[in-house]
Visitor: 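For reference, the structure I am asking about is given below.
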Amino acid sequence: MRRLRRRIEFFQGTLDSTSEISEARIFDTTLRDGEQSPRTSFSYEDKREIAAILDDMGTHVIEAGFPVNSDAEFEAVQDIADATSTTVCGLARVVEKDIDAALDSGVEMVHVFASTSDVQLQDSMHATRQEALDRSVAAVERVKDAGVTCMYSPMDATRTDESFLIDVIEAVSDAGTDWINIPDTCGVATPRRFYDMVENVCAHTDANVDVHTHDDFGLASANALSGFEAGAAQSQVSVNGIGERAGNAAYEEVVMALESLYDVDTGIKTERITELARLVEEKSDIPVPANKPVVGDNAFSHESGIHAAGVIENADTFEPGVMTPEMVGATRELVLGKHTGTHSVRERLEDAGFDPTDAEVREVTRMVKDRGAQKEKVTFERLKEFAREVGVRREEVRA
């Protein structure tokens, strides 16, 4: 059952972006580009487990893999296509055997790609511009002749000559592609420049436009959102932002920005985001940094005395207000350490069943700060030890 929408209320002075994007689709590439993270490999069981959650959450497209890569990859893609209710996509180069493998796997969408930047054409694809254009058109026609949805990507679009990029876009559009993906393959786009590129592409095609942004400069999620603002209907993302080099636009960041900042109902069951992030962290063996937006351990944690006191009174004081831990299946935590204040210590002591005086709270807070300054992790159990050392009484239980 779809959760009730949380009405977005922007506080006075907040930049209101709730009218800039009306709808947005999510294309997840965790199982394809995410698996291309150095030293990462998903097993057949890993892929099935991750795909099942992505499917249940309402993800619009799952790019399950590169079917021609191996028999195991083909079988995994085929089984995911059979087992899920959402659209499943398979990747293919503009090569007949790749396309045929994707088609044979039973996916509903085939994502074909060809390099279009001069550096990749010369030193990776080893083809001329005209050869790349001709192969791209032939690939799109092959997919469409099979009666399958086609997505086409001009790889390295953000480093491609603009006039040639438009030539390719128009040619594959005429060939009937359903989707055109604009990939920032090497992560060199900036939000304003990417907006202009996506807007220009939208003006030269009747196909739906999708974006794929990389995080080499930490701009992937911002660029994905800029793409939506410019007219793209969909963004490719990966859970925890994993992927080639510095990774991709993060599923959790893009979805929650759309939901909470742009007030767009993506249809995603966001309350499973933290669960999904932990699963992908385990299966990919790529640790999620504590300060990772949305799903990091610190995303809804507070240690500073001023911040903790404010949050105890009203969580909106030092959290976004339009995104709560409950919305992503997380919990808020008041962390005990060097920066802890008396409000937080009193709250935690009372949670443990103690009835401290003001003086006792100050003494326990001093002990917490001293241990925190020595880089000791002050756990809830350690706090209760401090309380017993100080002689804090337990609350009386009333009949």
Side-chain angles (χ1 to χ4, degrees), residues 27-38 40-44 46-48 51 61-84 87-157 160 168-169 171-183 185 207 210 212 236 238 243-244:
F27 178 117
D28 182 84
T29 187
T30 305
L31 302 180
R32 199 279 298 170
D33 198 328
E35 191 183 26
Q36 291 175 207
S37 302
T40 293
S41 177
F42 294 129
S43 69
Y44 168 86
D46 294 341
K47 285 202 168 193
R48 286 293 301 272
V61 182
I62 298 173
E63 189 168 44
F66 194 9
V68 80
N69 191 48
S70 66
D71 290 343
E73 182 84 347
F74 178 91
E75 291 174 8
V77 173
Q78 185 177 54
D79 288 351
I80 290 170
D82 288 341
T84 55
T87 298
V88 174
C89 178
L91 186 69
R93 294 167 297 182
V94 288
V95 175
E96 289 185 1
K97 68 174 183 177
D98 285 30
I99 297 168
D100 290 344
L103 293 171
D104 290 344
S105 72
V107 295
E108 297 94 337
M109 176 187 287
V110 175
H111 178 190
V112 295
F113 70 96
S115 295
T116 54
S117 68
D118 288 335
V119 63
Q120 288 194 0
L121 283 171
Q122 179 177 327
D123 297 322
S124 177
M125 191 173 175
H126 304 293
T128 66
R129 288 184 177 184
Q130 189 61 48
E131 287 171 337
L133 189 152
D134 291 343
R135 292 180 197 174
S136 297
V137 169
V140 170
E141 290 175 343
R142 192 173 188 86
V143 175
K144 293 305 297 177
D145 286 346
V148 174
T149 300
C150 182
M151 172 178 283
Y152 173 78
S153 288
M155 188 160 65
D156 208 15
T160 296
V168 175
I169 296 299
V172 295
S173 297
D174 290 342
T177 190
D178 302 283
W179 286 89
I180 290 175
N181 168 246
I182 302 302
T185 304
D210 171 272
H212 178 110
Q236 299 191 8
S238 68
E244 291 277 7

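Basis for what follows: all heavy atoms, side chains included, without hydrogens, waters or symmetry-related copies. Because the structure is predicted, anything quoted here is derived from the model rather than measured.
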Visitor: Please list, chain by chain and in numerical order, all residues satisfying salt bridge (charged side-chain N to carboxylate O under 4.0 Å, His left out) with Glu35, sequence neighbours excluded.
Guide: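 Residues passing salt bridge (charged side-chain N to carboxylate O under 4.0 Å, His left out) with Glu35: Lys47.
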Visitor: Quick one: does Val112's side chain get under 4.5 Å of Val172's, heavy atoms only?
Guide: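 No, too far: nothing below the 4.5 Å cut-off.
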Visitor: Could you list the residues that satisfy side-chain contact (heavy atoms from CB on, under 4.5 Å) with Asp118, not counting sequence neighbours?
Guide: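 Asp118 satisfies side-chain contact (heavy atoms from CB on, under 4.5 Å) with Leu121, Arg129 once adjacent residues are dropped.
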Visitor: What residues, two or more places apart in sequence or in another chain, satisfy side-chain contact (heavy atoms from CB on, under 4.5 Å) together with Ser43?
Guide: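 side-chain contact (heavy atoms from CB on, under 4.5 Å) list for Ser43, sorted by chain: Glu45, Asp46.
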Visitor: Has Asp82 got more than 12 heavy atoms of other residues, nucleotides or ligands less than 6.0 Å from its CG?
Guide: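 Enclosed.
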Visitor: If the condition is salt bridge (charged side-chain N to carboxylate O under 4.0 Å, His left out), which residues does Asp100 pass it with, not counting sequence neighbours?
Guide: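 Residues passing salt bridge (charged side-chain N to carboxylate O under 4.0 Å, His left out) with Asp100: Arg142.
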Visitor: Phe27 vs Met109, test: side chain to side chain contact (heavy atoms under 4.5 Å, CB included). Steps then yes/no.
Guide: CA-CA 11 Å; Phe27 178 117; Met109 176 187 287; 4.0 Å; yes
Visitor: Quick check: closest heavy atoms across Leu31 and Glu63, and the distance to 0.1 Å?
Guide: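 For Leu31 versus Glu63, the nearest heavy atoms are CB-O, 3.6 Å.
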Visitor: Please name the pair of heavy atoms, one in Ser115 and one in Gln120, separated by the smallest distance, quoted to 0.1 Å.
Guide: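 Looks like OG-OE1, 3.0 Å.
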Visitor: Are more than 12 heavy atoms from other residues, nucleotides or ligands located less than 6.0 Å from atom CD of Gln122?
Guide: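 Check fails, neighbour count at 12 or below.
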Visitor: Are any of the side-chain heavy atoms of Pro67 and Asp104 separated by less than 4.5 Å?
Guide: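 With C-beta onward as the side chain, the pair stays apart.
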Visitor: Do the non-hydrogen side-chain atoms of Arg48 and Ile80 ever get within less than 4.5 Å of each other?
Guide: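 Yes, close enough: below the 4.5 Å cut-off.
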Visitor: For the pair Ser105 (side chain) and Phe74 (backbone), establish whether a donor and an acceptor sit closer than 3.5 Å, ignoring hydrogens and angles.
Guide: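 Not a single qualifying donor-acceptor pair exists.
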Visitor: Please list, one pair per line, the donor and acceptor atoms closer than 3.5 Å that link side chains of residues 87-97 to other protein atoms, with sequence neighbours excluded.
Guide:
residue, atom, partner, partner atom, Å
Arg93, NE, Asp98, OD2, 2.6
Arg93, NH2, Asp98, OD1, 3.0
Arg93, NH2, Asp98, OD2, 3.4

Visitor: Ignoring hydrogens, what is the shortest heavy-atom contact between Ala64 and Glu73? Give both atom names and the distance.
Guide: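 Looking at all heavy atoms of both residues, the closest pair is O-OE2, 4.3 Å.
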Visitor: Kindly give the heavy-atom pair with the smallest separation between Ser238 and Thr30, and that separation in Å.
Guide: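 Closest pair (atom of Ser238, atom of Thr30, distance): CA-OG1, 3.4 Å.
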Visitor: Side chains of His111 and His212: does their closest heavy-atom pair fall under 4.5 Å?
Guide: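 Not touching, per the 4.5 Å side-chain cut-off.
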Visitor: Mark yes or no for whether Asp178, through its side chain, and Cys150, through its backbone, hold a donor-acceptor pair below 3.5 Å.
Guide: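 Judged by distance alone, yes, a pair lies under 3.5 Å.
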Visitor: Output yes when a side-chain donor or acceptor of Ser37 lies under 3.5 Å from a complementary backbone atom of Glu244, and no otherwise.
Guide: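 No, the answer is negative, given that no donor and acceptor are paired below the 3.5 Å cut-off.
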Visitor: Does a donor on one side chain and an acceptor on the other come within less than 3.5 Å for Thr185 and Asp156?
Guide: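 No, Asp156 and Thr185 have no side-chain donor paired with an acceptor closer than 3.5 Å.
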Visitor: With a 3.5 Å cut-off and sequence neighbours excluded, list the donor-acceptor pairs that the side chains of residues 133-140 form with protein atoms.
Guide:
residue, atom, partner, partner atom, Å
Asp134, OD1, Gln130, NE2, 2.9
Ser136, OG, Ala132, O, 2.7
Ser136, OG, Tyr152, OH, 2.8

